[in-house]
Every structure is written in C-alpha cells, then in structure tokens.
Amino acid sequence: MVNKIEVTIDVIIHATEDISKILQSFDEVLEIKEEEFTAIETTGYFENPIIILSAKLVKKQGQNFIKNMLDLLPINQINELIEEIEERTIDSRFHLRLDKQELIKGNLIVTEKEIGRASCR
C-alpha cells in the first residue's frame, strides 16, 4: 500500500509573508525539509508578486506525512474530514487546506480559507 501513496503540497506565499518562517514550520511541524519544495515566482490577480511552493511526497515519505498530520490534528477535525471524505475526494485525490498562520505557531488546523493545500492520493 505504501508504494501507492502520493501527497502533493502547494503553498501560496504572498509578498507580505516570510517564506523562511513557512519553510521552517513545515520542517519543524510536519518534518518536510526545505529541499523537498520547489518555488515558482509568479504574479497574483492584482499584479502582486507571489511564490508558489510545491512538494510531492511519495511512498514512505507520503505515509510519514499522513501519519504526522493525523497525530497533530485535533480529533474533531479528523472526524470532520472522515465525514466529508466524499466531498473532499475528486479523481482519487483527497483535498484539504491547512492554515499557514497556525502552522507557523506550531499548530495543525484544517481550514476552508485559501491558505495552503495538501492533496493525498
């Protein structure tokens, strides 16, 4: 089963945000090193500069991410994700968004705001 796990992480970094804090938080909280991410500089809707960080975790690394995430999420959020599994699954991909500001504080919180996104397959 581990060989089929693939986790894709996309994070939108706005010009007002500190990319180093976000990368450090991914390392400290979810054990994803900076070198796992690729960065693409682009322009947002209102011509503001943004950076999109992307990472793809496969096999054992993807499994470790899911385990860490489930260990850190509050039980009520895990239960909500289970209840919403059909709505969150598209083309065999399970989608969720994590709150970047909470991640920087060391907390893992699922949100519906456009903050960051993880997709598990």
Side-chain angles (χ1 to χ4, degrees):
M1 183 69 142
V2 171
N3 290 332
K4 295 183 179 188
I5 294 176
E6 182 179 294
V7 176
T8 303
I9 300 170
D10 296 309
V11 185
I12 297 170
I13 312 289
H14 299 276
T16 58
E17 297 176 313
D18 185 344
I19 190 170
S20 62
K21 281 185 181 179
I22 293 168
L23 288 167
Q24 181 180 357
S25 299
F26 270 99
D27 185 13
E28 292 174 357
V29 177
L30 293 167
E31 300 176 13
I32 303 171
K33 302 287 183 205
E34 179 177 344
E35 49 272 6
E36 298 296 328
F37 288 94
T38 58
I40 298 171
E41 294 183 25
T42 189
T43 304
Y45 182 75
F46 296 107
E47 302 299 317
N48 53 321
I50 59 173
I51 297 172
I52 299 175
L53 294 177
S54 296
K56 185 179 277 191
L57 311 175
V58 295
K59 300 181 181 179
K60 190 71 171 171
Q61 191 178 21
Q63 183 182 30
N64 289 339
F65 169 82
I66 293 169
K67 182 186 180 312
N68 289 340
M69 186 181 70
L70 291 175
D71 287 345
L72 294 169
L73 277 175
I75 190 67
N76 64 317
Q77 290 217 304
I78 293 171
N79 289 335
E80 284 177 28
L81 291 173
I82 291 169
E83 288 174 19
E84 298 168 353
I85 198 161
E86 285 187 24
E87 294 86 14
R88 293 180 172 276
T89 304
I90 301 167
D91 296 329
S92 299
R93 294 173 191 236
F94 181 78
H95 296 270
L96 60 96
R97 288 192 171 118
L98 301 175
D99 187 315
K100 275 190 298 192
Q101 300 308 316
E102 287 297 325
L103 183 65
I104 289 170
K105 295 176 190 175
N107 304 317
L108 203 61
I109 303 292
V110 174
T111 184
E112 295 308 315
K113 295 184 271 181
E114 186 65 43
I115 306 260
R117 180 176 67 215
S119 176
C120 303
R121 182 177 178 171

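Fair warning: this is a prediction, and the values are worked out from it, not measured in the lab.
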Using only atom types and a distance under 3.5 Å, with no angle test, would you say the side chain of Arg88 pairs donor to acceptor with the backbone of Phe94?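 Checked: no pair found.
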Within the structure provided, determine whether Leu53 and Phe26 are in side-chain contact (heavy-atom separation under 4.5 Å). no
So, do Ile9 and Leu98 sit near enough that their side-chain heavy atoms are less than 4.5 Å apart? no
State yes or no: do [X] and [Y] share one hydrophobic cluster built from I, L, V, M, F, W and Y residues joined by side-chain heavy-atom distances below 4.5 Å, directly or via other members?
| X | Y | answer |
| --- | --- | --- |
| Ile109 | Leu81 | no |
| Ile5 | Ile82 | yes |
| Val7 | Ile85 | yes |

Spacing of [atom1] belonging to [X] relative to [atom2] belonging to [Y], to within rounding of 0.5 Å:
| X | Y | atom1 | atom2 | value |
| --- | --- | --- | --- | --- |
| Ile32 | Ser25 | CD1 | OG | 11.5 Å |
| Thr43 | Ile50 | OG1 | CD1 | 7.5 Å |
| Lys59 | Gln63 | NZ | CD | 12.5 Å |
| Asp99 | Lys105 | CG | NZ | 7.5 Å |
| Gln24 | Ile19 | CD | CD1 | 13.0 Å |
| Ile12 | Ile51 | CD1 | CD1 | 12.0 Å |

Glu86 atom CD: more than 12 heavy-atom contacts under 6.0 Å: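 12 or below, so no.
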If you look only at pairs with a residue in residues 13-22, which of them pass as a salt bridge (charged side-chain N to carboxylate O under 4.0 Å, His left out), with sequence neighbours excluded? Glu17-Lys100
Any salt bridge (charged side-chain N to carboxylate O under 4.0 Å, His left out) involving residues 26-42? Give me the pairs, sequence neighbours left out, ordered by first then second residue.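 Those involving residues 26-42 are Asp27-Lys33.
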CA sep, side-chain torsions, deciding dist, call: Ile13, Ile52, side-chain contact (heavy atoms from CB on, under 4.5 Å): CA-CA 6 Å; Ile13 312 289; Ile52 299 175; over 6 Å; no
Name every donor-acceptor pair, under 3.5 Å, that has one atom in a side chain of residues 64-77 and the other anywhere in the protein, sequence neighbours excluded.
from	atom 1	to	atom 2	distance (Å)
Asn64	ND2	Lys60	O	3.4
Lys67	NZ	Asp71	OD2	3.0
Asn68	ND2	Asn64	O	3.4
Gln77	OE1	Val110	N	2.7
Gln77	NE2	Val110	O	3.0

